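Reviewing the structure listed below.
Remember, predicted model here, so these are calculated numbers, not experimental data. Every heavy atom of this structure was used, including side-chain atoms; hydrogens, water molecules and symmetry mates were not.
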Amino acid sequence: MTAGQSGARAGARTPTDAGRWWLLLPAAGFGRRMRSETPKQYMTLAGRSVLDLTISRFISMPGLAGIVLVAAPDAPADAVKALDTGGVPVWLVAGGATRAESVCNGLAAFRERWTEMVPGDDMPDGLGEWVMVHDAARPCVRPDDVRRLVEAAVAPEGALLAARVRDTIKRVDARGRVAETVDRSALMHALTPQMFPVGVVLEALEAAIAAEREVTDESSALEQAGLFPRLVEAAADNLKITHPEDIAIAQAILRQQGVL
């Protein structure tokens, strides 16, 4: 069965039709580029962990049914226990060796734990549900952009947030010289969250991993399966904390947004 065929049985054609959706946060990475012994998702900004701040952007969203947190086995227990989810249930899932494997593990929880998640549901594998995958280290995402993503997502291909490329882009040759200036008018930065029917994205990721194809985000797995998600233009300040200097930048953005 192809990803497109999965979409035909995905149940609700949109998250609004479904009336609920799930947030999946891959938080098993260490983030070596941060040059810190503390994984970036557990670093603190104004006394709150990055992960806690990220979750805070979603917990008041209409339709959010639960959070699947994909964490490393040695995740700081105190930091996880201290998360403020506003009463939204959280399921902990063990991460994998790569981000793609971690997301796949989290999605597989819909097959393994669906009866526990939604007792009496008529789709015991949970594959008719919608999931929103978001980087745990992106606390600056704007809730209005998330709402527009929910409104734009349609089965089977789903949708993702993206920001227009603003800088001049150069293609580089093997000697480190400019090969050409790339037309940026049709280029966008892929962001998260990205939203898809659970069955569609799980099948696409499993196929990509089995074929040992590179998967840089969930959308790229769907693209390899012949599906092309819709891009929803979003604010460019949806920063992914990656380098040490990003902590100060994220803190400034969150203060400007009135979060801190």
Notebook entry, point to check: Would the number of heavy atoms belonging to other residues, nucleotides or ligands and lying under 6.0 Å from CG of D78 be above 12?
Noted result: no
Note to self: For residues V80 and V88: do they belong to one hydrophobic cluster (side chain heavy atoms under 4.5 Å, members Ile, Leu, Val, Met, Phe, Trp, Tyr)?
What the structure shows: yes
Check: Would you say the side chains of N105 and S102 form a donor-acceptor pair under 3.5 Å?
Finding: no
Checklist line | Heavy-atom pair of closest approach, residues A163 and A234 | finding: CB-O, 3.9 Å
Notebook entry, point to check: Which heavy-atom pair separates P15 from A153 by the least distance, and what is that distance?
Noted result: CD-O, 3.4 Å
Checklist line | P139 side chain near R48 side chain, heavy-atom distance below 4.5 Å | finding: no
Next item on the list: Could you verify whether a donor N or O on one side chain and an acceptor N or O on the other, from S219 and D217, lie under 3.5 Å apart?
Entry: no
Note to self: Nearest 0.5 angstrom please: K170 NZ to R184 CZ, how far?
What the structure shows: 10.0 Å
Margin query: I want to check something: taking the side chain as every heavy atom from C-beta on, are F196 and L222 in contact at a cut-off of under 4.5 Å?
Written below: yes
Margin query: With a 4.5 Å cut-off on side-chain heavy atoms, are V50 and K40 touching?
Written below: no
Next item on the list: Apply the test salt bridge (charged side-chain N to carboxylate O under 4.0 Å, His left out) to residues R147 and D144: give CA-CA distance (whole Å), side-chain angles for both, the deciding distance (0.1 Å), then the verdict.
Entry: CA-CA 5 Å; R147 294 186 186 96; D144 283 346; 2.7 Å; yes
Next item on the list: Examine L161 and V154 and state if one hydrophobic cluster contains both, with Ile, Leu, Val, Met, Phe, Trp and Tyr joined whenever side-chain heavy atoms are less than 4.5 Å apart.
Entry: no
Next item on the list: Find out whether M61 and V150 are in side-chain contact, i.e. whether some heavy atom of one side chain is under 4.5 Å from a heavy atom of the other.
Entry: no
Check: Under 3.5 Å, is there a donor-acceptor pair between the side chain of R57 and the main chain of R142?
Finding: no
Check: Cut-off 3.5 Å, side chains only: do D237 and Q256 have a donor facing an acceptor?
Finding: no
Notebook entry, point to check: How many angstroms lie between CD1 in I55 and OG in S49, if you round to the nearest 0.5 Å?
Noted result: 7.5 Å
Check: Distance-only, no hydrogens or angles: does the R138 side chain make a donor-acceptor pair with backbone N or O of N238 under 3.5 Å?
Finding: yes
Notebook entry, point to check: Is it true that a side-chain atom of T54 and a backbone atom of A136 form a donor plus acceptor pair closer than 3.5 Å?
Noted result: yes
Check: Side-chain heavy atoms under 4.5 angstrom apart, residues restricted to Ile, Leu, Val, Met, Phe, Trp, Tyr: same cluster for V201 and V215?
Finding: yes
Next item on the list: Sort out for me which residue in L51, L23, V93 forms a side chain to side chain contact (heavy atoms under 4.5 Å, CB included) with L69.
Entry: L51
Check: How long is the gap from CG on L107 to CG on L24, to the nearest 0.5 Å?
Finding: 5.5 Å
Next item on the list: Measure the CG-CG distance between L254 and L45 for me, rounded to the nearest 0.5 Å.
Entry: 6.5 Å
Note to self: Please report the interatomic distance CD1(I59) to CG(L64), rounded to the nearest 0.5 Å.
What the structure shows: 9.0 Å
Checklist line | Qualifying residue for ring pair (Phe, Tyr, Trp, His ring centres under 6.0 Å) with W22, from F58, W91, W130 | finding: W91
Next item on the list: Compare all side-chain heavy atoms of E129 with those of W21 and state whether any distance is below 4.5 angstrom.
Entry: no
Checklist line | Taking every non-hydrogen atom, the tightest pair across K240 and D135 | finding: CD-OD2, 3.8 Å
Notebook entry, point to check: So, the side chain of D84 versus the backbone of D52: is there a donor-acceptor pair under 3.5 Å, distance only?
Noted result: no
Note to self: Ignoring hydrogens, what is the shortest heavy-atom contact between Q257 and C140? Give both atom names and the distance.
What the structure shows: NE2-O, 3.2 Å
Check: Where do V70 and G106 come nearest, in terms of heavy atoms and distance?
Finding: CG2-CA, 3.8 Å
Notebook entry, point to check: Run the side chain to side chain contact (heavy atoms under 4.5 Å, CB included) check on I241 and I247 step by step: do they pass?
Noted result: CA-CA 7 Å; I241 295 174; I247 289 289; 4.0 Å; yes
Checklist line | Closest non-hydrogen atom pair, P229 against L227 | finding: CD-O, 3.6 Å
Margin query: Under a 4.0 Å threshold between the charged nitrogen and the carboxylate oxygen, would D17 count as salt-bridged to R13?
Written below: no
Note to self: Taking the side chain as everything from C-beta on, heavy atoms only, tell me whether E206 gets closer than 4.5 Å to I209.
What the structure shows: no
Check: Distance-only, no hydrogens or angles: does the E233 side chain make a donor-acceptor pair with backbone N or O of R164 under 3.5 Å?
Finding: no
Note to self: Are the side chains of R99 and E218 in contact, using a 4.5 Å heavy-atom criterion?
What the structure shows: yes
Margin query: Less than 4.0 angstrom from a charged side-chain N to a carboxylate O is my criterion; do R148 and D145 meet it?
Written below: yes
Notebook entry, point to check: Is it true that F110 and V200 fall in one hydrophobic cluster, defined by side-chain heavy atoms closer than 4.5 Å?
Noted result: yes
Next item on the list: Flag yes if L231 and L187 sit in one hydrophobic cluster, no otherwise; membership is Ile, Leu, Val, Met, Phe, Trp, Tyr, and two members link when side-chain heavy atoms are under 4.5 Å apart.
Entry: no
Notebook entry, point to check: Taking side chain as C-beta onward, heavy atoms only, is V259 less than 4.5 Å from L53?
Noted result: yes
Checklist line | Reported CD-to-OG distance for the pair E214 and S220, which is rounded to 0.5 angstrom | finding: 7.5 Å
